[in-house]
Protein chains: 2
Amino acid sequence: MYLKLLSDQFELGITNISSEELAELGGVNAAKVRKDLSYLGSYGTRGVGYDVEFLVFQIKRELGLTHEWHVVVVGAGHLGNALAGYGGFGERGFPVGGVVDVDPAKIGTVVGGVRVRHLDELAAVVHSRKISIGVIATPAVAAQHAADSLVSAGITSILNFAPTIINTPHGISVRKVDLAVELQILSYHEQRRANVREATKLKAVPGNGRRGASA
Amino acid sequence: MYLKLLSDQFELGITNISSEELAELGGVNAAKVRKDLSYLGSYGTRGVGYDVEFLVFQIKRELGLTHEWHVVVVGAGHLGNALAGYGGFGERGFPVGGVVDVDPAKIGTVVGGVRVRHLDELAAVVHSRKISIGVIATPAVAAQHAADSLVSAGITSILNFAPTIINTPHGISVRKVDLAVELQILSYHEQRRANVREATKLKAVPGNGRRGASA
DNA sequence: ACAGCTTTGTGAAACTGTGCACAAGCGTCG
DNA sequence: CGACGCTTGTGCACAGTTTCACAAAGCTGT
Ligand SMILES: NC(=O)c1ccc[n+]([C@@H]2O[C@H](COP(=O)([O-])OP(=O)(O)OC[C@H]3O[C@@H](n4cnc5c(N)ncnc54)[C@H](O)[C@@H]3O)[C@@H](O)[C@H]2O)c1
Ligand SMILES: NC(=O)c1ccc[n+]([C@@H]2O[C@H](COP(=O)([O-])OP(=O)(O)OC[C@H]3O[C@@H](n4cnc5c(N)ncnc54)[C@H](O)[C@@H]3O)[C@@H](O)[C@H]2O)c1
């Protein structure tokens, strides 16, 4: 978040920023900002603030963003297309270095300037570009297979969009983006707003008379 | 997460589950599972476990998923199309109840069975279906405008895909999905794996000799 | 009816994260 | 060149979360 905010500020011509201002932009506490940034090193100047450009560099260094990370997308369907065709990743340092699928109708088509290749060629795609991050955009049933293929091909980080938990060997980083979960969190808040009266009792008296219903 | 896991288990014909098993599926601690579930009420049976179907119902009730929540998508571009055309939301209780855009070329086209309407008609779309959740899939520069339009139309929850922080009045729930951030987290782990030697010093001696560079 | 086994529900402890408050350090200005 | 104002960096306290550990409770078989 800090990286995004600071990059945006830098674009606007801001060269220096205080923890107070940065906290305001990010909607967090200023002390937290300072503590977070202190993990990078002691790069602020007392009485002045932080040098925006320098801080951007330091955060990028810490996150490993000093060079680009090509990613490979598995599944060239709706989502795979949107992802590959989306320039935003390249801008943020993650160009799409390959797209694979199993559907003969998809193979050979070009999405986002990249030709779709067969899943069997995944290892070749990965090695040719030294790719270490894979994105799963296949249906849920194929997600585990996709993950296994990625791991065999030498991928060590996976971003999973399929709404299923995938199993990977130890040492592989996996992150899951589940849009339905995001919506559920929103619906929970909506629900809460709808009946504030009952909600206040939530933690105090959770069993609200329905106790025996499980019998 | 529990809802998803339990629903999946129920589909597989599992009618009863212990906190131990559920913890295993979710990759968390069994005591945590029990404490989490205890907030819903005391619905387990000692010596036996939890009734899967009943627990699914209880979680749905708590999350406000006893009825469907229609959502409105703002922006009918790549992402808006993928979202509207994606049946997964409807299945999980969030059917797309409307799509709006400002591009005349997009308006009138049909995505995922829904006709794209003009942003000006947002309030009408929202009221006709009693929609309270809006999804922003516009370019970053238009995200704030989209948010303002949603709020004026009466929306109280927003899911934002644009890589920018939006300002909303108090009382509006906002969640942000930033895919670049997910990739950055993965690249951080990759980075760590690449140089474990230096990484061990990270917290102890953060300023590794580059201190003066900001001057 | 009761022993033995299993699993929940939950205090208490351990751990992690957040925020306050202030000394230390830097820049500026008279 | 020293006083003053501003902002960082961090010790400490508080808050929240996770885990442990065990009594309570249900089920099965005798
Ligand atoms: N479309 C969305 O907006 C959206 C949103 C959230 C989550 N998702 C999830 O993303 C995934 C993809 O969604 P989609 O709408 O793009 O689906 P889709 O059906 O349009 O595309 C899936 C693609 O995966 C390919 N595929 C199938 N098995 C494969 C395998 N073993 N290896 C490689 N490729 C394989 C198919 O040929 C197809 O091209 C799904 O799991 C979905 O739940 C999609
Ligand atoms: N495509 C992806 O895979 C992807 C991934 C992550 C994030 N995003 C983000 O999602 C957003 C949309 O991406 P996209 O690829 O679909 O872009 P896109 O350009 O394909 O679509 C944007 C759509 O929004 C419409 N629009 C513009 N201003 C509007 C306004 N004020 N009100 C309503 N509609 C408006 C445009 O007419 C267009 O149809 C962007 O902010 C992007 O950063 C996209």
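In the text below, chain A, chain B and the rest are named by the order of the sequence lines, each starting its count at 1.
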Ring centres under 6.0 angstrom apart (B/Tyr43, B/Phe54): yes

Let me know the distance between [atom1] of [X] and [atom2] of [N], rounded to the nearest Å.
X       : N      : atom1 : atom2 : result
A/Arg46 : C/dC22 : CZ    : P     : 16 Å
B/Glu21 : C/dT8  : CD    : P     : 9 Å
B/Tyr39 : C/dG9  : OH    : P     : 13 Å
A/Arg34 : C/dC20 : CZ    : C1'   : 10 Å
B/Leu55 : C/dT8  : CG    : P     : 11 Å
A/Tyr50 : D/dG9  : OH    : P     : 4 Å
B/Lys35 : C/dT10 : NZ    : C1'   : 6 Å
B/Glu20 : C/dT8  : CD    : P     : 8 Å

Does a nitrogen or oxygen in the side chain of B/Ser19 sit under 4.0 Å from OP1 or OP2 of C/dT7? no

Any side-chain N or O of B/Ser42 less than 4.0 Å from the OP1 or OP2 oxygen of C/dG9? yes

Ring-plane angle category for A/His67 and A/Trp69, please: parallel below 30°, perpendicular beyond 60°, tilted otherwise. tilted

What pairs of residues pass the side chain to side chain donor-acceptor pair (under 3.5 Å) test when at least one of them lies in residues 142-163 of chain B, not counting sequence neighbours? A/Glu190-B/Thr156, A/Glu190-B/Ser157, A/Arg193-B/Ser157, B/Gln144-B/Asp148

Residue pair A/Ala31/A/Val48 against DNA chain C: nearer the 5' end by closest nucleotide is A/Ala31

Are the side chain of A/Ser18 and the backbone of A/Glu21 linked by a donor-acceptor contact shorter than 3.5 Å? yes

